[in-house]
Amino acid sequence: MADFDLGASFIPALYKPAALLPIAKHREALLYLIETSPVTIVVGQTGSGKSTQIPQFLEQAGWCADGKIIGVTQPRRVAATTVAMRVAEEVGCEVGKEALVDPLLSRYSVVMVDEAHERSISSDILLGLLKKVRRKRPELRIIISSATLQAEDFRDFFSESNEEAPRDDKDAAKVASIISLEGRTYPIDILYLEQPAEDYLEKAVSTVFDIHANEPKGDILVFLTGRDEIEKAVQAVAERSAQLPPGSDSLLPLPMYAGLSTEQQNYIFEETTENFRKVIFSTNISEASVTIDGIVYVVDSGFVKLRAYNPQTGIESLTATPVSKASAAQRSGRAGRTKPGKCYRLYTDEAYQALPDANVPEIQRSNLAPFVLQLKALGIDNVLRFDFITPPPAELMVRALELLYSLGALDEYSKLTKPLGLRMAELAVEPMMSKTLLSAPSFGCLSEILTIAAMTSVGGTIWIQHDGEKKKTESAKRKFSTEEGDHLTLLNVYQAFVTNGRKEARFCHENMLNFKAMSRAVSIRAQLKRSLERFGVVVDESLASGSTSSTAAGSASINKAEQIRRCLTSGYFAHAARMQPDGSFKNVSGTTVLHAHPSSIMFNRKADWVIFHEVMETGDKTYIRDITKVEKNWLLEYAPDFYKTST
DNA sequence: GAGCACTGC
């Protein structure tokens, strides 16, 4: 496998992006377009300064007069808060307000949808809303930032009308215009494999060594699909580095994925000494969310893990999928930020040609229940006729409506119920959990459910997953575990954190907890609590017990534990399963075999009926996560209609 | 025996 000869395995492509003018040069043209055209589509590279500079141009041009504000939305909140803060600092405008409170967005003179080409559900829905608002508020200005390939989709969307007669081309041009604001980039050589790789992980590692042996200085960024692959690749490079010829520069392999702690992530930004070449093995996090300086070489496996949702079974899956052409372009662009670069694609030119232009929009492959609820709360009753830029499959809509009806958020006419449905829409957790929260006062366990809701929404990032320290994490977890399952375990972890570890980094370190994730749970809990108090719900924290584990003495806490399990059942009855003699589970209709996820307390433990927070198919198994034991008769008690129809 | 990314104020 020692094919160090790059020329033999890669062939160059013809494509070279042109180096164009920076954004400030386009200022006048841009402001003229925004003034004269209701919708302006701004095309330019990620990081070209669009999201910070355009709001400033607008403010200077008087778009903030009369107390009006400029809104900037982004699919990735980390970036959004940074941008919003910078804009607020620099131009003195307030940014960010929910459409839920002000459906006509009347305080805004301009709304900018940033990175709209990423097609997140929220930006897709915002585009549909903006199109609707524009009919009632023709003076509103809409700016959409997009990658080049998708610009025309947005123009066509805003130019076409659902209700009126088709416009001619001249009219369409008046509604939406496209302007290109390419930033300065350096040329990137793109190289393809001559033959498909049998094992892209092995090929990625050998390509890294090829680059190291044959190419001038510059760090390497390798795109892989997940943690497992990344850790394997890092290890392979570390091992094989020993065989590098004496006197040659060293390779410094580093992992990058969202599950790492901040500290571990920060290694990739540190400067290396003269004789080192950094090689970063990363998930898609480095495609757009994280920018690393000094990258000259990109190695693209051609794969990404993508979520999908099966509307028939209601099961999400996470599988490695070939990237889109748009993704491949974005990845290669990471090489040319500071000087000319090279991108090695671990697939053939033919394989590239066969890739889809763009990813399937999120709205066509997700559980839509949370978004249907939001649309209903915005007064959009006929969600099936909402003007989506690409409509989701009807089955996805139907499944979302059915779930919301079974939870009592919608009535038999599919209208939002009040107050239940409306309140559920305003809580920032998914519908099954918002239902659980809203029924918690009647079970006398609101404080505990608030905590559980916050803990489940930060997901699997609570525990440190350091390679080689798995045992340590397992034993730390056992200290908090309860007989009843994962939800009560999460409650114990949280309670220990707020009493012992909130200001003490050592507590998290000793218990293998991720401080950032735990702090996020604290702030989510506070936010949920504020929402509930806005509805007039009283949250009595004095009732919260120190420990709700069944190992704790006293019948009061055992009773509390049962109330919590009953309450969870009232929201999660649709996520019920029964353990089979072989230890696996079957869902209510008996159609799907489910397995307790190895991270669950219920992994390898006995149970009868359980409810679970989440179900996901990865590889060839379907896993349930965050599992709690319940009684069969509770299911019948809290969801009689649901169980009558499904059995 | 194991989860891509993102957010929630």
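Everything numeric here is computed off the predicted structure, so don't read it as measured data. Order of the sequence lines sets the chain letters (A, B, ...), proteins ahead of strands, with each chain counted from 1.
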Problem - Of all pairs that satisfy ring pair (Phe, Tyr, Trp, His ring centres under 6.0 Å), the ones with a partner from residues 302-326 of chain A, not counting sequence neighbours - result: A:Tyr200-A:Phe303

Exercise for the section: State yes or no: are the ring centers of A:Phe603 and A:His597 separated by less than 6.0 Å? Expected result: no

Handout entry: Interatomic distance where NZ belongs to A:Lys232 and P belongs to B:dA2 [whole Å]
Key = 11 Å

Fill in the blank from the handout: By nearest-heavy-atom nucleotide on DNA chain B, the more 5' of A:Val304 and A:Pro598 is A:Pro598

Practice task
Grab the NZ-P distance between A:Lys529 and B:dG8 for me, whole Å please.
Solution key: 20 Å

Exercise for the section: Just call it for A:Ser457: base, sugar-phosphate, or nothing, with non-hydrogen atoms closer than 4.0 Å on any strand. Expected result: base

Practice task
Report yes if at least one side-chain N or O of A:Tyr623 is closer than 4.0 Å to OP1 or OP2 of B:dA2; otherwise report no.
Solution key: yes

Completion exercise
Picking from B:dG1, B:dC6, B:dG8, the nucleotide nearest the side-chain atoms of A:Phe603 would be B:dG1

Completion exercise
When rounded to whole Å, the CD to P distance for the pair A:Gln330 and B:dA5 reads 16 Å

Practice task
May I have the distance from A:Ile464 (atom CD1) to B:dA2 (atom P), rounded to whole angstrom?
Solution key: 21 Å

Handout entry: Cationic N near anionic O, under 4.0 Å, A:Arg423 to A:Glu533
Key = no

Exercise for the section: Return the value, rounded to whole Å, for the distance between atom CZ of A:Phe303 and atom C1' of B:dA5. Expected result: 18 Å

Exercise for the section: May I ask you to say what A:Glu316 touches in the nucleic acid, namely base, sugar-phosphate or nothing, with a heavy-atom cut-off under 4.0 Å? Expected result: nothing

Exercise for the section: Could you tell me whether A:Glu484 and A:Lys629 have a side-chain N and a carboxylate O separated by less than 4.0 Å? Expected result: no

Exercise for the section: Return the nearest nucleotide to the side chain of A:Ser289; candidates are B:dG8, B:dG1, B:dC6. Expected result: B:dC6

Completion exercise
For A:Phe612, the ring-ring contact (aromatic ring centres under 6.0 Å, His included) test, sequence neighbours excluded, returns A:His575

Handout entry: Whole-Å distance separating the CD1 atom of A:Ile624 from the C1' atom of B:dG1
Key = 15 Å

Practice task
Would you classify A:Ile285 as touching base, sugar-phosphate or nothing, given that sugar-phosphate means primed atoms plus P, OP1 and OP2, and contacts are heavy atoms under 4.0 Å?
Solution key: sugar-phosphate

Handout entry: A:Glu362 vs A:Arg530, nearer the 5' end of DNA chain B by closest nucleotide
Key = A:Glu362

Exercise for the section: Let me know the distance between CD of A:Gln265 and C1' of B:dA5, rounded to the nearest Å. Expected result: 12 Å

Handout entry: Value in whole Å for how far the P atom of B:dG8 lies from CG of A:Leu373
Key = 18 Å

